[in-house]
Chemist: 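Mind having a look at this structure? Questions to follow.
Every chain is numbered from 1 and lettered A, B, ... according to where its sequence line falls, protein lines coming before strand lines.
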Amino acid sequence: MNDKQSMAELLFPHITKTPDDFETQYPERDLPDGAKVTRFAPSPTGFLHMGSLFAALVGKRTASDSEGVFYLRIEDTDKKREVENGVASLVDGLNSFGIEIDEGMISETESKGLYGPYIQSARTAIYQTYVKALVAKGLAYPCFMTEEEISGIRAVQESEKKLPGIYGEYAKYRNISYDEAKARIENGEEYVVRLASPGKEENRISFEDSIKGRIEMPENILDVVLLKKDGTPTYHFAHAVDDHLMRTTDVIRGDEWISSAPIHLQLFEVLGFKAPRYAHIAPLQKEDAETGGKRKLSKRKDPEAAVEYYKKAGYPAEAVIEYLLTIANSNYEEWRLANPEAEQSEFKFSLSKMSKAGALFDLAKLNDVSKNYICTLSAEEVFDLTAEWAKEYNERLYKCLTDDEEYAKAVFAIERGNEKPRKDIGKWEDVEAYVSYFYDELWDKKLDFADNISKDDMIEIIETYKQRYDENDPAEEWFPKVREMAVELGYAKAPKVYKKNPEEYKGHVGDVAGTIRVAVTGRRNTPDLYEILQTLGVDEVMRRFDNAIAYLTR
RNA sequence: GGCCCGUUGGUCAAGAGGUUAAGACACGGCCCUUUCACGGCUGUAACGCGGGUUCGAUUCCCGCACGGGUCACCA
């Protein structure tokens, strides 16, 4: 046994497996040609960021469009950031947006798939096996520097305007002898394991990013930490080992990682792995009120950064995904226009069509996409989805809706399914205001009468109509009767007629219908009045007429 | 500061060495119309700046400016 091998044994006496054992345990995947293996690899911080969901979507589509595999791996190597049930909330988040995984964590503790464990805290022995092999080859070494020493070095480097970090002359323990290491360890000193970087300052590397194109950068020369002093791997090292062993073909991640790509590429090389393709996604931005510019959607400052925000507002998951797709591939919108009925999965997603720059997350656009989606739903579906949402977020609405399902469905059926559908509802949060006058418990009973008609005239209209209203009138006959009555009472039969000779009339049929509308609903603007009257039922309509008259008489 | 990425209307964006520089959202107007919505028509509005290369550049090259990212025993 040579010195390096002894060092490896000294550091990892408990590791008995070799990299080859894992290579055979996790063989190349047997997939069709061109199939891509992608993953979503978040930290369990208990917060699903919109940008993460976006990345997950891109990964999912990339895999499924190529008949590949999409899996969920939890990166929990930093215990400080962990949150209780963090994994479960990630799993739920993905599920609630319909992003299904082929492998990976499916609950706080369970997983499916043959390439696990899919949670990094359960993979320590694997990482250490590879580090041990690296140490045995002299490609990694224990480093006993204290934090003070390192920050001292950093200060010097900064003042001398040198590249900060541990490399070259600053890599004090790079050639530490077996005897010294042994003595220090026996002395109880703590250490990390660093890469003995083979990089040269003058070298440059390059790689082809699936989104950004060719990227060229200086080669890594830093002796980066592979294993922290608690024996746990850093992101960089875990990334290399996991994505190799899980046979990831395409690493899709935020573009904040571009700058560490040279480290990753070097790690793959040193470990003897084939590097995956990278696709670096630009972050979702938001308008910054303070600067007037754009900035990254911030978890801290922006409530809409959290996926929970959209659930709470009641944006249907399909609509959020639909919107995300329009950001991801701008030709999606065109495709959707041409194929309004098609399933999202029929769209051919392309990484290379993704924008290199960060898109501003546009709530107005989301709203539009969502309205267009909701207007295609049946009354039944709107009822189900709203009830499901209200159960969690609006109890009062939930009670109203579920107390009389048939009635609620009738309310949602108003003008629904027409060839020109209404687009009143953008999110379930809007429903309460939309349906309020159908429910005593939701309606404020304020009657917003217009002011161009006198109170006496309005009373006359309502009283007359109260006598005339026949709930058995079919839709085609209903309005002509209102018109007839309007003319009898001295109103023009049409707005145009009125406009020609305003002095001859008290107003026009719209004023008459408008008065009836306000008497019944309190509002000047509503969907089709006939359907509203039918839905309310004659008894309720009469009651409302009486109330309106009382209100006007008062 | 070093290194990297980016920059077409207010927003998302298509685009090619020569185009009237698409489309969608938002906004305005008109039409339809009993209100609203829907729909139709229509309008305002863009290639960051400076140099090259070229007959011609928004498109290619180089600078600059601006925006973003990164430089941890965090991911």
Chemist: Going by the rule side chain to side chain contact (heavy atoms under 4.5 Å, CB included), which residues pair with A:Lys229 if we only count those two or more places apart in sequence or in a different chain?
Modeler: A:Glu147, A:Glu190, A:Val192

Chemist: For RNA chain B, which residues of residues 223-246 of chain A approach it to below 4.0 angstrom with any heavy atom?
Modeler: A:Val225, A:Lys228, A:Lys229, A:Pro233, A:Tyr235

Chemist: What residues, two or more places apart in sequence or in another chain, satisfy salt bridge (charged side-chain N to carboxylate O under 4.0 Å, His left out) together with A:Asp242?
Modeler: A:Arg73, A:Arg123

Chemist: Per the salt bridge (Lys or Arg N to Asp or Glu O under 4.0 Å) rule, what does the pair list look like for residues 216-226 of chain A, sequence neighbours excluded?
Modeler: A:Arg174-A:Asp223, A:Arg204-A:Glu216

Chemist: Taking a pair as Watson-Crick (N1 to N3 plus N6-O4 or O6-N4) or G-U wobble (N1-O2 and O6-N3), both under 3.5 Å, which stems of 3 or more consecutive pairs involve RNA chain B?
Modeler: B:1-7 with B:65-71, B:10-12 with B:23-25, B:27-31 with B:39-43, B:48-52 with B:60-64

Chemist: Enumerate the residue pairs fulfilling side-chain hydrogen bond (donor to acceptor under 3.5 Å, both in side chains) with a member in residues 485-498 of chain A, sequence neighbours excluded, ordered by first and then second residue.
Modeler: A:Arg468-A:Glu488

Chemist: For every nucleotide of nucleotides 32-45 of chain B, 5' to 3': is a protein heavy atom under 4.0 Å from its base (B), only from its sugar-phosphate (S), or from neither (-)?
Modeler: S-BBBBBS------

Chemist: Output all residues satisfying side chain to side chain contact (heavy atoms under 4.5 Å, CB included) with A:Thr326, sequence neighbours left out; order by chain, then residue number.
Modeler: A:Tyr323, A:Tyr332, A:Glu333

Chemist: Could you list the residues that satisfy side chain to side chain contact (heavy atoms under 4.5 Å, CB included) with A:Thr124, not counting sequence neighbours?
Modeler: A:Gln128

Chemist: Using the side chain to side chain contact (heavy atoms under 4.5 Å, CB included) criterion, which residues pair with A:Asp230? Sequence neighbours excluded.
Modeler: A:Lys79, A:Lys228, A:Thr232

Chemist: Is any NZ, NE, NH1 or NH2 atom of the basic residue among A:Lys371 and A:Asp368 found under 4.0 Å from an Asp or Glu carboxylate oxygen of the other?
Modeler: no

Chemist: A:Ser89: which residues meet the side-chain hydrogen bond (donor to acceptor under 3.5 Å, both in side chains) condition with it, sequence neighbours left out?
Modeler: none

Chemist: Using a cutoff of under 3.5 Å, can you pull out all pairs of nitrogen or oxygen atoms linking the protein to nucleotides 3-5 of chain B, with atom names and distances?
Modeler:
| from | atom 1 | to | atom 2 | distance (Å) |
| --- | --- | --- | --- | --- |
| B:C4 | OP1 | A:Arg204 | NH2 | 2.8 |
| B:C5 | O2' | A:Lys212 | NZ | 3.1 |

